[in-house]
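Below is one structure; the comments refer to it alone.
Atom set for the values below is all heavy atoms of this structure, side chains included, hydrogens, waters and symmetry mates excluded. Letters go in sequence order (proteins before strands), and every chain restarts at 1. Keep in mind that what you see is a predicted model, and the values were worked out from it rather than measured.
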Number of protein chains: 2
Amino acid sequence: MTREHQSNPADVLGDLIKHFETSPEGGIDTASCPVRDVLDRIGDKWSVLILTLLAREPKRFSALNRVVGDISKRMLTQTLRSLQRDGLVERTVYPTTPPMVDYRLTDLGRSALEPLAGLIVWADRSHDQIRQAREAFDHKGEDMPLVS
Amino acid sequence: MTREHQSNPADVLGDLIKHFETSPEGGIDTASCPVRDVLDRIGDKWSVLILTLLAREPKRFSALNRVVGDISKRMLTQTLRSLQRDGLVERTVYPTTPPMVDYRLTDLGRSALEPLAGLIVWADRSHDQIRQAREAFDHKGEDMPLVS
DNA sequence: CGGGATCCAGGCTGATACTG
DNA sequence: CAGTATCAGCCTGGATCCCG
């Protein structure tokens with residue numbers, strides 16, 4: 001078994017999964033699974049995008065609002081709050097008039113960039129294949145021979 | 001600038017973001033962003049878990065249902081369908097009675113394991129810090145001095 | 001400027017029951 | 001066994017108005 005970098009992704013995941021099989025019947029207890037917890041966060045509509053936008057430098061609330069465009073202030077606030085709550089983003093208020101607030105990544109937030117970048121690069125690269133697969137799937141209803 | 005492996009995650013993300021800034025006013029057009037597209041998929045409640053469970057070997061519908069435990073057949077079917085539609089998972093029907101169906105990762109699906117594993121490992125490792133940050137945040141309502 | 005509060009529509013999701 | 005169908009609740013997220 002030649003391991004490329006460190007180990008096979010399938011094995012890494014397999015081990016982690018085992019680690020989560022803590023419920024009585026051997027099932028996976030959603031509540032006690034840290035991964036679900038984190039995934040739910042990155043799964044929300046905006047978190048990853050915000051994190052990504054803050055990757056290079058701090059940004060002000062209105063700047064984020066402007067760049068994203070189709071996010072409401074409500075959701076921007078909410079997203080930033082939960083990121084702040086999770087310790088990924090730091091909020092700084094400058095007591096000027098009118099008030100100025102900026103957001104920057106914490107060390108923890110920055111540490112998320114690497115795995116996130118991996119995923120995003122994968123998404124970017126696989127996008128075409130996925131689109132093709134979707135079209136193929138949608139095109140024919142369900143008439144392919146699955147097994148002879 | 002010493003680049004560790006290949007380049008700084010912040011730079012990778014920065015470049016990708018630029019790539020998505022295709023809307024007229026310089027904002028990010030959600031619709032044309034492949035990353036949002038993919039992230040929405042992995043963001044759903046079960047996809048990543050299913051992908052992870054299929055990492056090692058194919059599994060039958062009922063096996064998946066049993067392992068996950070708290071997923072309804074409805075959602076399992078739906079999740080598997082969308083994964084199949086995206087070309088990440090392959091469905092095989094054996095025309096026996098009663099019918100038997102199994103699911104396995106495609107090459108594309110397997111290619112997703114690596115970035116996914118990165119993210120999951122990060123989630124697993126950061127879980128404690130995040131929990132602590134949350135408690136700290138929740139504990140005190142909002143009385144920390146932000147800037148003198 | 002940077003939010004908080006409220007109202008409301010829509011989609012996601014689970015529970016249940018039925019089918020081939 | 002492997003789904004499909006239907007119904008109902010919840011939560012997300014947008015729109016709007018208001019405040020410091």
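Nearest nucleotide to the Arg91(B) side chain, out of dC1(D), dA2(D), dG14(D): dA2(D). Residue Met75(A) places its side chain closer to dG14(D) than to any other of dG14(D), dT6(D), dA2(D).
Within the 3.5 Å criterion, the main-chain N or O of Leu88(A) finds no donor-acceptor partner in the side chain of Asp86(A). A side-chain donor-acceptor contact under 3.5 Å links Thr106(B) to the backbone of Gly87(B). Within the 3.5 Å criterion, the main-chain N or O of Leu105(B) finds a donor-acceptor partner in the side chain of Arg110(B). Between the side chain of Ser126(A) and the backbone N or O of Ala123(A) there is no donor-acceptor pair closer than 3.5 Å. Listed for the Lys59(B) side chain is a donor-acceptor partner under 3.5 Å among the backbone atoms of Leu53(B).
Rounded to whole angstrom, the span from the CD atom of Gln84(B) across to the P atom of dA2(D) amounts to 15 Å. Atom pair Asn65(B):CG and dG3(D):C1' shows a separation of 11 Å (rounding to whole Å applied). In this structure, Lys73(A) atom NZ and dG13(D) atom C1' are separated by 16 Å, rounded to whole Å. For Leu64(B) and dC1(D), the CG to C1' distance is 13 Å, given to the nearest whole Å. With rounding to whole Å, Ile50(B) atom CD1 is found 14 Å from dA2(D) atom P. What separates CZ of Arg81(B) from P of dA2(D) is a distance of 12 Å, to the nearest Å. If you measure from atom OH of Tyr103(B) to atom P of dA2(D), you get 8 Å, rounded to the nearest angstrom. Separating the CG atom of Leu76(A) from the P atom of dG13(D) is a distance of 13 Å, rounded to the nearest angstrom.
Here Arg60(B) reaches the OP1 or OP2 of dA2(D): one of its side-chain N or O atoms lies under 4.0 Å away.
Each of Gln78(A) and Met100(B) has a nearest nucleotide on DNA chain D; the 5'-most of these lies closest to Met100(B). Each of Pro99(B) and Arg74(A) was matched to the nucleotide of DNA chain C holding its nearest heavy atom; the match closer to the 5' end belongs to Arg74(A).
Heavy-atom minimum distance, Leu76(A) versus Ile50(A): CD1-CD1, 3.7 Å.
Looking at Lys45(A), its side chain has no donor and acceptor atom pair within 3.5 Å of the base of dG13(D).
Counting only N and O atoms by type, the side chains of Ser62(B) and Asn65(B) include no donor and acceptor under 3.5 Å apart.
Protein chain A contacts DNA chain C from dC1(C) to dT6(C), reading 5' to 3' and using non-hydrogen atoms of the protein with a distance under 4.0 Å.
For the helix from dC1(C)-dG20(D) to dG20(C)-dC1(D), the angle separating the two terminal helix axes comes to 40°, with each axis derived from five pairs and the value rounded to 10°.
In this structure the side chain of Val48(B) reaches within 4.5 angstrom of the side chain of Ile120(B), judged on heavy atoms.
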Stepwise side-chain contact (heavy atoms from CB on, under 4.5 Å) check, Met75(B) with Trp46(B): CA-CA 8 Å; Met75(B) 286 316 300; Trp46(B) 304 108; 4.0 Å; yes
